[in-house]
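Heads up: the structure comes next, in structure tokens.
Model, not experiment: these values are computed from the prediction.
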Amino acid sequence: MLKNLSFIIKTSQDFIRTNEDNPPECDKIKLNSFFEAISDSYIPLLQMFERLQNDNVAFKIGLVLPPVLCSMLEDEKIQQLYVDFLDKRIALGKKELNRCKDNSAALELATAALEKNKDLKKTFSDLYNKNILAQFVKFQKSGLIEILGTCATDIFMPYYADLPEAISAQIEMGLQSYKKCFGELPEGFYLPEFGYTPGIEKLIRAYGYSYTILHNRSILLTDNPPANGIFYPVRIENSLVAFTADTFIQDQIFAEDGFSANAIYRNENRDIGFELDIKKLTPVMEEKTARCSTGYKYWKKDFNEDACVSYDYAAACKQAQEDADSFIQSRVELLTKAEECVQDAEYVVSVCCLDENKLRKQWSEYLVWLEAVIRNAGKNELELALCKEIIQKPSSLEKIEPYYSAGTGDGYGENLLSSKNCWMMRYVRKATERMIDLAERFPSDTGLKTRLLNIGALELLLAQSSALAKMIEEEEDSEYAERRFRLAINAFTVVFDALGSNTVSTEWLTKLELMDNIFPWINYKIFSIKK
């Protein structure tokens with residue numbers, strides 16, 4: 001019996017304005033974090049694919065590249081801002097070489113960081129021609145990766161179960177974005193936050209998706225749990241295939257004794273951007289500006305406060321290799337036990353969903369670990385596979401009715417509606433109801449009204465992102481999240497009032513379209529009631 005291992009890397013990104021005069025510090029910090037994701041994950045991931053392909057290593061990986069992220073990666077201004085971001089870090093790195101010249105260990109790390117930034121600039125500008133998405137498309141066409149579709153923004157679907165038009169609008173916009181970015185239609189649909197409630201499978205299937213992935217609670221807590229357990233796909237309403245996310249990987253990586261907690265790995269919370277006098281951090285930072293990370297990090301997680309430097313990259317890579325071996329062995333043991341439970345099946349599968357944002361911020365060596373897993377999986381009874389390749393005869397799969405569940409909070413998304421952020425829901429729900437009504441009241445308008453309706457639809461999609469509520473709950477980038485939400489809701493309210501009074505400031509509208517410049521092809525009719 002085949003033991004399949006399917007990796008899906010989930011990236012995420014909320015919209016950041018880059019055309020705003022005098023943007024607030026919170027937006028600048030958020031943009032810095034976005035550029036760090038490009039430097040520490042997106043480009044290194046592509047470089048890993050290149051190495052594996054050049055070494056003739058058979059690999060299969062699923063990716064989730066959300067529409068907002070794709071739109072921002074295609075923005076020419078953001079592409080230039082990223083080059084400027086690298087130039088500033090290269091300049092800082094040259095200063096670091098001089099500052100660390102008397103400390104050989106620190107000098108080695110500073111040199112490595114400087115060379116990394118130089119290589120990133122050369123790769124991004126010359127090799128990729130500033131087009132990262134095109135590189136992912138190349139690997140998808142070769143059959144080595146599968147890019148899954150998802151919603152326009154990270155809407156938590158269960159909170160809109162009584163407003164199916166809102167869910168359909170999100171799915172439809174996500175699908176349109178996918179076709180524009182990748183030139184084809186996806187087979188797999190990634191549920192934001194694994195948020196599932198009975199009925200949404202009909203909406204997902206209606207847009208042509210073949211499968212989705214559910215949290216294991218949705219499978220284990222149902223009234224009719226599948227006979228073959230959670231390591232074999234099932235079928236739900238409208239023959240949408242459902243895989244179960246292998247949540248055991250979360251504890252393996254992020255628990256107190258998990259891989260990422262090993263004291264030998266780099267401490268991602270210490271950076272010279274927070275350690276040095278700000279005068280020494282130009283041109284990355286200037287006086288009276290908010291501090292941010294620079295990528296020059298010299299400490300490991302159990303750093304000795306008396307030591308200037310303690311991080312050893314070679315030792316960390318060696319540990320990542322050992323953790324990869326440990327992970328492979330655990331998956332072999334797990335799937336071997338799963339074999340004993342399945343009946344009339346040719347395979348078992350472990351679907352491992354990895355949150356790129358969380359990994360990058362807690363475990364910078366995760367790509368070293370992942371590459372080691374990929375290189376050694378085939379030597380240890382495991383076969384890397386894409387979910388879409390595993391599906392053979394959907395109609396033969398056992399049919400179940402999954403249980404309500406989520407992959408955030410304690411399993412039900414309650415952290416997205418807590419005492420800290422519950423105030424957001426009444427605004428976004430009312431705006432959603434109004435948008436559905438506007439789509440019905442103005443079924444075929446053109447000109448200025450259409451522009452108003454389109455920007456209103458866009459602002460609503462942005463406000464519906466559950467990531468904003470999550471940031472506020474976790475008090476991480478909460479200032480940015482609250483500002484982004486209020487801007488979107490206020491803009492939608494202006495649109496609604498303007499349509500009601502039949503008056504609008506074209507100057508205000510044009511300025512807003514310039515600042516919130518994603519999805520220029522949006523059509524407000526996505527919120528229409530489906531007959």
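With F254 as the aromatic partner, K358 meets the cation-pi criteria of under 6.0 angstrom to the ring centre and within 45 degrees of the ring axis. Geometric assessment of R429 against the ring of W423 yields a negative cation-pi assignment under the 6.0 Å and 45° thresholds. In this structure, R434 is positioned above the aromatic face of F496, its NZ or CZ under 6.0 Å from the six-membered ring centre and within 45° of the axis.
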Let me see the working for D154 and Q464 under side-chain contact (heavy atoms from CB on, under 4.5 Å), right down to the final yes or no.
CA-CA 7 Å; D154 285 339; Q464 287 174 339; over 6 Å; no
Apply side-chain contact (heavy atoms from CB on, under 4.5 Å) to D40 and S364, showing your working.
CA-CA 8 Å; D40 297 338; S364 65; over 6 Å; no
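Ion pair E193/K470 flagged as a salt bridge, since at least one NZ, NE, NH1 or NH2 atom sits closer than 4.0 Å to an Asp/Glu carboxylate oxygen. Salt bridge status for K10 with E356: absent, with no side-chain N to carboxylate O gap under 4.0 Å. Taking the charged nitrogens against the carboxylate oxygens, D84 and K77 have no contact shorter than 4.0 Å, which rules out a salt bridge.
In this structure, F49 has its ring center closer than 6.0 angstrom to the ring center of F139.
In the model, D246 has a side-chain atom that pairs as donor or acceptor with a side-chain atom of S350 under 3.5 Å.
Ring planes of Y82 and F35: tilted class, angle from 30 to 60°.
Here the side chains of Y265 and N262 are in contact, with some heavy-atom distance below 4.5 Å.
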